[in-house]
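Structure, as structure tokens:
Numbering of ligands and ligand atoms starts at 1, following listing order.
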Amino acid sequence: MPVKRVNQVLRAIQQRQSIRTPFDRNHSVADEDLLQILEAARWAPTPHNMQNFEIIVVDERGLLEAISSVESPISEVFIRENFQQLSFSVEELKRKKVGLLGTMFPPELRNPEAKLDGSKKRKWSSQERLVKSGPVLLIVIFDPSRRAPASEGDFLGIMGLGCVMENMWLMAQSLGLAFHIISSLGEEPVETEIKNILQIPKGLRIAFGARLGYPPSKSSRYLRVRRDVNEIAHHNQYGHRPFRTIPLGKL
Ligand SMILES: Cc1cc2nc3c(=O)[nH]c(=O)nc-3n(C[C@H](O)[C@H](O)[C@H](O)COP(=O)(O)O)c2cc1C
């Protein structure tokens with residue numbers, strides 16, 4: 001079936017990307033843009049319309065600095081499993097079509113056998129440290145004592161948090177704002193420290209953090225790969241794969 005027209009939603013989805021460079025701390029995010037991002041979050045689908053999330057907008061410099069300096073130890077499990085997602089050349093990444101380029105990570109995180117001593121037990125160029133480079137950090141929190149009805153481990157509720165993430169990300173992207181997820185903000189021991197810094201009640205959890213801002217230059221583009229549509233979609237029966245990919249260049 002030929003594709004006649006590619007609409008703007010697909011264009012926005014294809015163009016959304018992670019920006020992991022420092023942001024320009026002097027380029028603030030306009031209130032109106034921030035409100036649109038929060039509005040996008042508000043309209044995210046959640047199971048049973050639970051709206052099982054709240055968002056803390058952090059833009060006070062002292063708080064951003066405090067969060068930046070939280071130590072984030074790295075585990076050998078992370079190193080091992082991270083390694084499984086890495087490619088070590090552009091050709092390898094293009095062939096595999098999943099994962100990330102190994103060169104995005106410091107050398108000690110590219111060795112799956114690495115035994116880390118105390119000084120190296122710090123996460124991937126410590127993404128938390130990038131927090132202070134930008135004007136805004138969003139922290140998405142939820143209440144783990146509630147769950148989507150009968151959903152084991154609140155699997156459905158957590159999926160809803162993913163919808164919140166994507167809505168905010170697409171909105172930010174459409175406003176020309178860079179967005180960078182930092183999931184380690186929701187992992188111990190970082191989470192407890194951040195909850196203390198932001199006075200988040202003990203019973204709540206951090207789902208993820210997202211840096212928001214403007215990179216100083218456009219050089220943050222990098223190779224992004226995806227499997228083709230006929231590798232992810234089946235028609236009626238598993239293994240029947242007639243669907244085709246719309247190439248980025250066709251937009
Ligand atoms: C649930 C989730 C957690 C993520 N955590 C991180 C993270 O901690 N640090 C990071 O740099 N990117 C993180 N990402 C971004 C992914 O690495 C990224 O979306 C993926 O590599 C595809 O690249 P793209 O966003 O540029 O399309 C996360 C994405 C999702 C959906």
Side-chain angles (χ1 to χ4, degrees), residues 9-23 40-41 44-46 52-53 55 67-68 70 72-75 77-79 81-87 90 92-94 96-106 109-110 122-131 133-134 137-142 153-174 176-191 194 205-213 215 218-228 232 245 247-248 251:
V9 175
L10 181 56
R11 182 188 292 261
I13 289 170
Q14 287 185 322
Q15 288 177 345
R16 180 215 51 77
Q17 67 166 115
S18 298
I19 311 276
R20 300 185 178 88
T21 58
F23 297 162
T46 53
N52 55 334
F53 65 93
I55 301 163
I67 291 170
S68 271
V70 171
S72 171
I74 181 148
S75 70
V77 175
F78 176 87
I79 297 200
E81 296 183 2
N82 179 57
F83 184 79
Q84 289 163 8
Q85 303 302 328
L86 301 186
S87 286
V90 165
E92 185 187 354
L93 184 59
K94 282 183 173 166
K96 283 191 184 163
K97 298 187 228 165
V98 296
L100 298 166
L101 261 187
T103 47
M104 286 173 57
F105 297 85
L109 294 192
R110 294 181 222 153
R122 299 179 60 107
K123 205 160 210 173
W124 166 13
S125 71
S126 208
Q127 295 206 325
E128 298 77 22
R129 260 174 280 150
L130 287 171
V131 165
S133 79
L137 176 70
L138 303 173
I139 303 273
V140 174
I141 55 177
F142 67 105
D154 196 25
F155 183 69
L156 298 175
I158 308 283
M159 282 173 68
L161 297 174
C163 297
V164 173
M165 177 193 284
E166 180 74 341
N167 269 21
M168 292 199 296
W169 204 336
L170 287 171
M171 191 66 236
Q173 174 88 15
S174 77
L177 274 156
F179 197 90
H180 175 206
I181 303 294
I182 308 184
S183 30
S184 58
L185 301 187
E187 293 161 12
E188 287 302 350
V190 179
E191 181 182 25
I194 294 183
R205 287 219 49 196
I206 296 176
F208 60 89
R211 296 194 302 128
L212 193 61
K218 292 265 176 238
S219 62
S220 39
R221 305 258 157 218
Y222 68 102
L223 174 64
R224 296 171 62 240
V225 294
R226 290 297 191 272
R227 290 179 292 159
D228 290 319
I232 59 172
T245 299
L248 270 171
L251 294 180

| message | As an exercise, state the distance from CG of Leu185 to CZ of Arg211, rounded to the nearest 0.5 Å. | response | 10.5 Å
| ligand 1 versus Tyr222: contacting region, heavy-atom distance under 4.0 Å | side chain
| query | Are any of the N/O atoms in Arg16 less than 3.5 Å from those in ligand 1? | reply | yes
| message | Using a 4.0 Å cutoff against the non-hydrogen atoms of Gln127, which atoms of ligand 1 qualify? | response | 7 (C), 8 (O), 9 (N), 10 (C), 11 (O)
| task | Report yes or no: do Ser184 and Gln127 form a side-chain donor-acceptor pair below 3.5 Å? | result | no
| Who passes salt bridge (charged side-chain N to carboxylate O under 4.0 Å, His left out) against Arg110, sequence neighbours left out? | none
| query | Which distance, rounded to the nearest 0.5 Å, do you find between the CD of Glu187 and the OG of Ser75? | reply | 8.5 Å
| request: Answer yes or no: does an N/O atom from Gln17 fall short of 3.5 Å to an N/O atom of ligand 1? | output: no
| note | Closest heavy-atom approach to atom 11 (O) of ligand 1 among Met165, Gln173, Gln15, Arg20 is made by Arg20
| query | Between Trp169 and ligand 1, which residue portion shows a heavy-atom distance shorter than 4.0 Å: side chain, backbone, both, or neither? | reply | side chain
| Per-atom contacts, ligand 1 versus Ser183 - under 4.0 Å to a heavy atom | 3 (C), 4 (C), 5 (N), 6 (C), 7 (C), 8 (O)
| request: Quick one: pull up CD in Glu166 and CG in Leu161 and give me the separation to the nearest 0.5 Å. | output: 13.5 Å
| said: List the residues meeting salt bridge (charged side-chain N to carboxylate O under 4.0 Å, His left out) with Lys94, not counting sequence neighbours, and say none if there are none. | reply: none
| request: Show which atoms of ligand 1 fall inside a sub-4.0 Å distance from at least one heavy-atom site of Ile182. | output: 8 (O)
| request: Would you mind listing which atoms of ligand 1 come within a distance below 4.0 Å of any non-hydrogen atom of Leu100? | output: 21 (O)
| task | Mark up the atoms of ligand 1 that fall under 4.0 Å of a heavy atom belonging to His180, in ascending order. | result | 9 (N), 10 (C), 11 (O)
| message | Please report whether ligand 1 has a polar contact with Ile181, defined as an N or O pair separated by less than 3.5 Å (distance criterion only). | response | yes
| said: Any side-chain to backbone donor/acceptor pair from Thr21 onto Pro215? Under 3.5 Å, distance only. | reply: no
| note | Rounded to the nearest 0.5 Å, the CG atom of Leu177 sits from the CE atom of Met168 at a distance of 12.5 Å
| message | Measuring from atom CZ of Phe142 to atom CZ of Phe53, what distance do you get when rounded to the nearest 0.5 angstrom? | response | 13.0 Å
| request: Mark the output for Arg226 as yes if a heavy-atom distance to ligand 1 is under 4.0 Å, and as no if none is. | output: yes
| remark: Short version for Met104: what comes under 4.0 Å of ligand 1, heavy atoms counted, is neither
